[in-house]
Amino acid sequence: MKLLIEKSVPGRRSHYLEPGDVPQKKVPDKFRRAKPPILPEISETELCRHYSALESRTFGVNDGFYPLGSCTMKYNPKINEKVSSLPGFTGLHPLQPASEVQGILKAIALTADYLKEITGMDHMSFTPAAGAHGELCSLMMFKRHFETKGEKRTKVLVPDSAHGTNPATVSMCGMESVNLPSNAKGCVDMDELRAAIAANKGQIVGIMLTNPNTLGIFEEDIEEITRLVHEEGGLCYYDGANLNAIAGTIRPGDMGFDCVHLNLHKTFSTPHGGGGPGCGAIGCKDFLHEYLPTPILTREENFLEISEQGDKTIGRILSFYGNILVVLRALSYIMSYGGNGIPLMSKHAVLNANYLQHRLSERFAMSNTGLCMHEFVMSMEKEAAEHNVTAKDLAKAMLDHGMMAPTIYFPLIVKEALMVEPTETEGKETLDQVADDYNRLYDEAMANPEKFVKHPQNTPIGRPDEVLAARKPKVVW
């Protein structure tokens, strides 16, 4: 497929702009280009065909089953889009006085109330622009908490099954990760946890934990984990990436967590991916409230406003208060489901994952036996060793057959990993079809591995040289 610039023909046009209705100002010569930029010159017909062709090559949740593991790329009701697109919301300006925007501020406050109830936190901020941003803010709050107390702690406990952003966040905050190995069940090894605490006495900032973890397993010792960290004087941070499995059923605050980040752009409706807007909302217990990023939402009687935080805040992390339209989507989502629907949503996610895991377990090796939560991880380590068919080969074959491949090679502690997350909105018929397709491809791979590893054959791009693409990428035409 050619790029627009390759289709360009001098003199072709798509659209003619109306004459400007404001006075023209000459750009100073020092800011002017020496020659015009090279832009595509193309007809409207070719322009429309180009983007339609691109659209036909994409695959989204409206096209079919989309098991994109840790990102919870699930179907989101279209009513949430309508709510967030209402002119009364989209036409607002962040610098408008609070007296003119009480409606949106009430919507923000209501969303905060719902999320505090769901998480068991006392306060909520929507300032962070994404999940990793919320994670960073949470750890910055922990750091400021100990600085205020005059304690210099630098060690953060991070399980080996954690999301990669966890240790990265620790480093960005100028601290050091202490790796916690998993036990045979795929959970935190309690002996290793006690040993790590003993070896870093007086230095532990806290623990960063996802529950259920990235293997799709609920940490059965979670209360003991948070108790041990608290006894050492540390704090407990909950990575909300997998909240989809427990929302409305069990609360992080009741597990012993002091701070939590939520991916509103995952669990609560905004389609995730493509670099679009996110919201890594953070919630905290009352004793951490004064460290929240500024500004914060405050209420005096019935009047709401966005105010500056006190002098203990970690500071401003975004120009304004956050991506508020994402918050509106979350509000619509939560209100549509209601108090009974939210736990039903998470239970359906768990049910679907267990059903699909059961259907696939006859052929595929599971990373852990027994029930999973919202996702499960398969391993093709044996197939790779005995038949030279890897997880990537299976994923390539899926693309060749019009299917979206699951996350591969994550989590890192499982060799030849395939992470599957069906989400709650898929019906049994879809799950049965997916199981049949996966099993059929598996049988093809085992029957003729030499042919199987040559997939894909029918996609626009075959198998690029990944080493060359990583080391010498062509990022400019």
Side-chain angles (χ1 to χ4, degrees), residues 1-64 66 68 71 73 76 78 81-82 84-87 89-95 129-130 133 265 270-278 318-320 323-326 329 392 395-405 454-477:
M1 183 176 177
K2 289 184 177 181
L3 302 173
L4 280 179
I5 194 69
E6 295 175 293
K7 298 177 180 179
S8 179
V9 176
R12 291 273 171 86
R13 293 289 182 273
S14 293
H15 185 71
Y16 295 89
L17 299 178
E18 295 290 333
D21 59 356
V22 295
Q24 293 188 10
K25 295 291 184 179
K26 182 182 178 182
V27 177
D29 290 339
K30 65 178 180 179
F31 296 124
R32 296 172 66 90
R33 289 174 174 268
K35 52 185 179 181
I38 301 175
L39 299 175
E41 297 178 77
I42 195 167
S43 70
E44 186 172 325
T45 303
E46 288 299 320
L47 185 66
C48 292
R49 287 174 179 171
H50 177 79
Y51 283 104
S52 292
L54 285 177
E55 182 183 15
S56 68
R57 291 187 176 189
T58 63
F59 189 98
V61 72
N62 286 341
D63 298 295
Y66 206 108
L68 189 57
C71 281
M73 189 70 148
N76 295 292
K78 298 299 177 269
E81 297 295 321
K82 291 183 178 180
S84 64
S85 300
L86 291 173
F89 293 134
T90 59
L92 297 177
H93 192 282
L95 293 180
H133 201 196
H265 53 283
T270 295
H272 181 46
L318 205 66
S319 298
F320 297 103
N323 293 325
I324 297 305
L325 297 184
V326 179
R329 287 187 179 93
K392 181 171 70 174
K396 297 290 187 184
M398 290 178 184
L399 300 181
D400 224 1
H401 287 77
M403 302 158 61
M404 184 67 196
K454 294 179 180 178
H455 284 296
Q457 300 289 329
N458 305 311
T459 53
I461 298 176
R463 289 206 176 196
D465 187 325
E466 295 182 7
V467 175
L468 187 65
R471 296 182 178 177
K472 296 182 180 179
K474 294 181 180 180
V475 295
V476 178
W477 179 77

**Donor-acceptor contact below 3.5 Å, side chain S43 vs main chain R12** = no
**Complete:** For N323 and G278 the tightest heavy-atom approach is ND2-O, 2.8 Å
**Message:** Could you check whether atom CG of L468 has more than 12 heavy atoms from other residues, nucleotides or ligands sitting under 6.0 Å from it?
**Reply:** yes
**Nearest non-hydrogen partners of A53 and M1, listed with the distance** = CB-CE, 3.7 Å
**Non-hydrogen atoms of N62 and K78 that approach each other most closely** = OD1-NZ, 4.0 Å
**Item:** Exercise: identify the closest heavy-atom pair between V61 and Y66
**Value:** N-CD1, 3.6 Å
**Request:** Measure across R57 and P460 and return the closest heavy-atom pair with its distance rounded to 0.1 Å.
**Result:** NH1-CB, 3.5 Å
**Prompt:** Taking the side chain from S8 and the backbone from P40, do they hold a donor-acceptor pair closer than 3.5 Å?
**Reply:** no
**Message:** Please check: side-chain N/O of R329 versus main-chain N/O of E81, any donor-acceptor pairing under 3.5 Å?
**Reply:** no
**Asked** In Å, rounded to the nearest 0.5 Å, how long is the span from CD1 of I324 to OG1 of T90?
**Response** 13.5 Å
**Prompt:** Do you know which two heavy atoms are closest between A405 and L399, and how far apart they sit?
**Reply:** N-CD2, 4.2 Å
**Request:** May I ask you to test the T459-K396 pair for a side-chain heavy-atom distance under 4.5 Å?
**Result:** no
**Request:** Please check if atom CD in E6 has more than 12 non-hydrogen atoms from other residues, nucleotides or ligands closer than 6.0 Å.
**Result:** yes
